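Heavy-atom basis, side chains included; hydrogens, waters and symmetry copies ignored. All of these numbers come straight from a predicted model, not from anything done at the bench.
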Amino acid sequence: MEIRTSALIGLGALGILFGAPMEAHAAPGSFTVIAGEDRICRYSQQLTLFNGRECHFDYTTPEEGRPVDLILVAVKATALDSAVEDIRRFVGPDTVILSVLNGITSEETLNAAYPGHVLWSVAIGMDATRTGRTLVCKCPGKIQFGERDGRMTERVAAVDRYLTACGIGSEPCDDILTKQWAKLMINVGLNQTAAAFDLTYEGLRTPGPAQDKMRQAMQEVIQLANLEGVPLPPDCDSKWLDANMPGFNADGMPSMRQDVLARRPTEVEEFAGVIRRLGRKHGMPTPANDFFYDAIRRIEANY
């Protein structure tokens, strides 16, 4: 199996981050961005820039879609249901679907609509900051992915070859559920803290009440992961923060703070919302995520 044709849906921060190298690598006619006519018009009115480089995407409406080998889903969680329908004509018998949405629920949604087509995946390690159609990124990160049951199949190898050829960091995993929970831990901590306390990465690195709350929220994720049978180690949060935070752009910010500043709906349901629901399932209090859920919902209510 080889990935020769591909499509992307969603041109937010992650869409540009991964779409730019996919577009640069693609042979003519082999890569397209899926978008409705109104969105294509908006995209076309303003040049897309990735670290100063112009991106010239080809667009295809959902109605004009034809099957491709790989679909990368990069919409916000709030737009996933419509994306499920928009990609329908692009899904053929052997199409692989890869989601880089935050949280741990998008694969289940996609797999329910397209059984057997989905690889479980997570995008990690980037510090992308988007302003309009311009994306700046010091750390491009990578995509971790694999079969839900951990098998190293031919389609996992094919996606790895394709992403590597595009220059996208690629890591096939036999423990993708653990990787997804680790990313959820990061998002629950960094994204929500930056949004609730109005902080950049430099602010997140600074000891104080905000960082304390961030670490408490991350610990709640670790405890719930263990209750769900996912073996996140108890020091997973500290090890990740120590290894990765120094390399992030001090003036950059996680995507949820970008959403708040732009008055866009946030993914708080995918972060604190999921943790609160799992906490109730296991009878475990989640005070830090309760705090973030309420704080971010108040921010959204004041848009």
Side-chain angles (χ1 to χ4, degrees), residues 77 99-108 120-127 139 141-146 148-150 171 173-197 199 201 203-248 253-257 266-297:
S99 166
V100 291
L101 272 70
N102 287 322
I104 57 173
T105 61
S106 66
E107 282 84 4
E108 298 291 352
W120 267 242
S121 57
V122 62
I124 192 165
M126 65 287 300
D127 65 348
C139 302
K142 60 185 175 182
I143 301 178
Q144 299 172 317
F145 60 94
R148 192 183 192 282
D149 61 8
E171 183 182 338
C173 301
D174 59 6
D175 60 347
I176 189 59
L177 295 184
T178 300
K179 297 294 195 299
Q180 282 194 325
W181 272 88
K183 177 61 183 294
L184 178 62
M185 175 197 72
I186 296 162
N187 281 327
V188 161
L190 275 64
N191 265 289
Q192 297 188 138
T193 307
F197 289 93
L199 297 175
Y201 285 116
L204 295 175
R205 286 198 289 250
T206 304
Q211 190 184 97
D212 292 344
K213 189 70 71 175
M214 177 178 75
R215 290 178 179 271
Q216 291 166 15
M218 296 171 83
Q219 274 294 315
E220 290 173 4
V221 177
I222 294 171
Q223 294 169 38
L224 281 168
N226 294 165
L227 290 171
E228 286 284 301
V230 178
L232 285 189
D235 60 350
C236 183
D237 54 340
S238 296
K239 284 187 174 179
W240 190 91
L241 292 169
D242 291 345
N244 292 278
M245 287 296 285
F248 282 1
M253 65 190 78
S255 60
M256 186 178 280
R257 182 170 184 255
T266 74
E267 295 176 304
V268 69
E269 287 293 346
E270 300 302 312
F271 301 160
V274 167
I275 294 306
R276 282 155 53 95
R277 289 194 294 274
L278 288 172
R280 291 192 293 270
K281 170 185 171 183
H282 291 284
M284 186 191 111
T286 56
N289 276 284
D290 291 343
F291 167 84
F292 282 124
Y293 187 88
D294 293 340
I296 293 164
R297 281 299 187 213

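At a cut-off of 3.5 Å, with distance as the only test, no side-chain donor of Q144 or Q180 sits close to an acceptor on the other residue. A donor-acceptor contact closer than 3.5 angstrom links the side chains of E228 and H282. Checking E267 against N191 by side-chain atom types alone, no donor-acceptor pair falls below 3.5 Å. For N289 and Q216, the side-chain atoms include no donor-acceptor pair closer than 3.5 Å.
Across S255 and N102, no two heavy atoms sit closer than the pair OG-ND2, 4.1 Å. Minimum heavy-atom separation, P234 to Q219: O-NE2, 2.9 Å. When all heavy atoms of L199 and A210 are compared, the closest pair comes out as CD1-CB, 3.7 Å. When all heavy atoms of L204 and P254 are compared, the closest pair comes out as CD1-CG, 4.0 Å. Taking every heavy atom of both residues into account, A195 and M256 meet most closely at CB-CG, 3.6 Å. Considering every non-hydrogen atom in both Y293 and A272, the closest pair reads CB-CB, 3.8 Å.
By the 4.5 Å heavy-atom criterion applied to side chains, R148 and E107 are not counted as neighbours. For the pair V122 and F145, the minimum side-chain heavy-atom distance is 4.5 Å or more. Side-chain contact between T193 and R257: absent, with no pair of heavy atoms (C-beta onward) separated by less than 4.5 Å. Counting heavy atoms from C-beta outward, E171 and I143 have side chains that stay 4.5 Å or more apart. Side chains of L190 and Y201 form a contact here, defined as non-hydrogen atoms less than 4.5 Å apart. Annotation: side chain of M284 is not in contact with side chain of L278 (no heavy-atom distance under 4.5 Å). For the pair N226 and W181, the minimum side-chain heavy-atom distance is 4.5 Å or more. Under the 4.5 Å side-chain criterion, counting only non-hydrogen atoms from C-beta, K179 is not in contact with I124.
Rounding to the nearest 0.5 Å places CG of D175 at 15.0 Å from CH2 of W120.
Only one option out of I104, L224, V230 pairs with L184 in a side-chain contact (heavy atoms from CB on, under 4.5 Å); it is I104.
Contact check on E220 versus R276 returns no salt bridge, with no Lys/Arg side-chain nitrogen under 4.0 Å from an Asp/Glu carboxylate oxygen. Of the charged side-chain nitrogens involved, at least one lies within less than 4.0 Å of a carboxylate oxygen, so that E269 and R297 count as a salt-bridged pair.
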For this session: Evaluate the criterion side-chain hydrogen bond (donor to acceptor under 3.5 Å, both in side chains) for residue pair T105 and E270; output intermediate values, then yes/no.
Result: CA-CA 8 Å; T105 61; E270 300 302 312; 2.6 Å; yes

Exercise. Do Q192 and N187 pass the side-chain contact (heavy atoms from CB on, under 4.5 Å) test, and can you show the C-alpha distance, the side-chain angles, and the key distance before you say yes or no?
Worked result: CA-CA 7 Å; Q192 297 188 138; N187 281 327; over 6 Å; no

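Among residues two or more places apart in sequence or in another chain, the salt bridge (Lys or Arg N to Asp or Glu O under 4.0 Å) test is passed with R215 by none.
Geometrically, K213 does not engage F292 in a cation-pi contact, judged by NZ or CZ lying under 6.0 Å from the ring centre and within 45° of the ring axis.
Counting only distance, with no hydrogens or angles, the side chain of S106 and the backbone of L101 share no donor-acceptor pair below 3.5 Å.
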